[in-house]
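Starting from 1, each residue takes its place in the sequence as its number. Bear in mind the structure is a predicted one, so any value in this text is a computation, not a measurement. Quick note: numbers below take in every heavy atom, side chains included, and nothing from hydrogens, waters or symmetry partners.
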Amino acid sequence: MGGAVSAGEDNDDLIDNLKEAQYIRSGYVEQAFRAIDRGDYYLVGYRDNAYKDLAWKHGNIHLSAPCIYSEVMEALKLQQGLSFLNLGSGTGYLSTMVGLIIGPFGVNHGVELHRDVVDYAKEKVDNFIKNNDSFDKFEFCEPIFIVGNCLEISSDSRQYDRIYCGAGVQKDHENYMKILLKVGGILVMPIEDQLTQITRTGQCSWESKNILAVSFAPLVQQNRAEGSKPDAVELPPVTVRSLQDLSRIYIRRTLRDLTNEESPDKGLVQRAPQKRKRRRCRRRRINTYVFVGNQLIPQAVESEEDERIEEEQHKEVQEEKEEERDIGSIEILKAVNVLRDKIMTLPLPESLKAYLLHHRDK
């Protein structure tokens with residue numbers, strides 16, 4: 001599924017195209033997509049395909065098409081402080097973007113069938129926290145991933161404000177998914193080849209809306225011997241943040257606000273100039289007539305104006321090729337991590353600086 005938008009050369013190009021095609025419609029969704037480079041979730045050697053609007057799969061590792069994730073993020077109507085459950089959480093790409101929006105007082109859980117994929121997702125989240133400057137521009141709800149079958153969640157599990165299922169749901173599992181949702185919550189899942197948004201309006205009432213025609217692999221049902229009980233999946237507990245964590249959150253928030261006021265443009269990324277689009281010219285022709293046998297037949301003859309236009313077009317093509325060769329040598333100015341710079345220049349003990357930057361050094 002995918003291919004609805006043009007391929008981009010980098011993550012920003014991809015987001016520009018998704019916006020133009022109206023898959024991304026909200027500012028906060030756009031910010032989350034720009035903060036997380038889709039290419040970082042591809043295996044080495046496959047990154048060239050990262051910015052195409054196509055799904056990608058290698059072994060157990062799978063990413064849906066960007067247009068699907070865009071529609072999901074919009075349909076979830078995320079807000080700060082919400083609880084989120086990702087069923088079939090995969091690489092953690094979507095869960096990480098959600099974590100940027102729901103903030104440090106939200107809940108961000110994922111259930112994934114394959115242990116190697118859970119390990120991969122944890123590695124990617126760790127890399128984002130330690131190495132991506134976008135981390136310091138948001139207040140992040142770090143996702144917690146567990147190994148388990150989405151269809152075997154314990155019946156006494158907590159309910160969530162927002163749920164997404166990343167695999168095809170059969171009709172007889174629809175109610176099972178709905179029960180995991182709080183009243184007023186939103187569930188987005190593919191069911192009967194439709195990406196569907198379900199809102200729980202009461203204890204026993206729901207509203208459904210089809211969003212997009214899709215094709216997803218179905219949820220995997222656990223194989224077990226006849227009469228045996230399945231292994232129930234226990235979702236992660238929800239814990240209250242420690243006083244130390246709360247202190248860190250509020251100190252970092254204060255410093256971030258101060259640095260933004262002092263230098264509001266310092267953290268902006270300057271992108272390389274876009275390639276010039278080739279001008280399309282209509283060729284003009286002069287018609288003359290020749291006799292073939294006893295018939296008068298029109299024949300197009302190129303004029304001097306045609307020759308001049310051809311020369312200009314050839315020159316423009318050559319200039320574009322030169323620009324494409326030069327574009328690799330243009331240095332794209334990196335955004336300055338103003339929060340980290342601010343902390344490092346403060347007259348504080350090194351231990352306190354490490355405390356404020358502990359996510360980078362953990």
Measuring from Gln22:CD to Cys67:SG, what's the distance to the nearest 0.5 Å? 14.0 Å
Charged N-O contact under 4.0 Å between Arg115 and Asp119: no
Testing the 3.5 Å rule here: is there a donor-acceptor pair between the side chains of Asn49 and Lys52? yes
First locate atom NE2 of His173, then atom CG of Leu219, and finally report the distance between them rounded to the nearest 0.5 Å. 7.5 Å
When every non-hydrogen atom of Asp12 is compared with those of Arg34, the smallest separation belongs to OD1-NH1, 2.8 Å
Mind checking whether Ile61 and Met97 sit in one hydrophobic cluster, side chains of I, L, V, M, F, W, Y counted as touching below 4.5 Å? yes
Smallest heavy-atom separation, Leu76 atom then Ile163 atom, equals CD2-O, 3.7 Å
Got more than 12 heavy atoms from elsewhere within 6.0 Å of NZ, Lys19? no
Would you kindly confirm whether Tyr28 and Tyr164 end up in one hydrophobic cluster when ILVMFWY residues are joined by side chain heavy atoms under 4.5 Å apart? yes
To the nearest 0.5 Å, what is the distance between CG (Asn210) and CD (Glu192)? 9.0 Å
What is the minimum heavy-atom distance between Pro143 and Ser95, and which atoms define it? CB-CB, 4.0 Å
Parallel, tilted or perpendicular: rings of His109 and Tyr160 (30°, 60°): perpendicular
Do the side-chain N and O atoms of Gln197 and Ser208 include a donor-acceptor pair separated by under 3.5 angstrom? no
Taking atom CG of Asp48 and atom CD of Glu9, what is their separation to the nearest 0.5 Å? 11.5 Å
Around atom NZ of Lys57, are there more than 12 heavy atoms of other residues, nucleotides or ligands at under 6.0 Å? yes
Basic-acidic side-chain contact under 4.0 Å: Arg248, Asp245: yes
Does one hydrophobic cluster hold both Val98 and Phe105, with members joined at side-chain heavy-atom distances below 4.5 Å? no
Check Arg340 with Asp133, please: is the shortest side-chain N to carboxylate O separation under 4.0 Å? no
In plain terms, say whether Glu71 and Arg25 are close enough for a salt bridge, that is, a side-chain N and a carboxylate O under 4.0 Å apart. yes
Exactly one candidate in Val29, Ile24, Asp13 meets side-chain contact (heavy atoms from CB on, under 4.5 Å) with Leu18; the answer is Ile24
Heavy atoms only: give me the nearest Ile153-Leu87 pair and the separation to one decimal. CD1-CD2, 3.7 Å
Shortest non-hydrogen pair, Lys182 vs Gln159, comes out as CE-O, 3.4 Å
Would you compute the distance between atom CZ of Arg38 and atom CG of Leu14 and round it to the nearest 0.5 angstrom? 7.0 Å
Co-membership, hydrophobic cluster, residues Leu43 and Leu94, 4.5 Å side-chain: yes
Under the salt bridge (Lys or Arg N to Asp or Glu O under 4.0 Å) test against Asp136, which residue among Arg252, Arg256, Arg253 passes? Arg252
Partners of Arg162 by side chain to side chain donor-acceptor pair (under 3.5 Å), sequence neighbours excluded? none
Any carboxylate oxygen within less than 4.0 angstrom of a Lys/Arg side-chain nitrogen, looking at Arg47 and Asp37? yes
What one should report as the nearest heavy-atom pair of Phe216 and Gly168 is CB-N, 3.6 Å
Fit a plane to each ring of Trp56 and Tyr42, take the angle between them on a 0 to 90° scale, and name the class: parallel (under 30°), tilted (30 to 60°) or perpendicular (over 60°). parallel
From Leu348 atom CG to Thr345 atom OG1, the distance as rounded to the nearest 0.5 Å: 9.0 Å
Ile144-Leu113 co-clustered via ILVMFWY side chain contacts under 4.5 Å: no
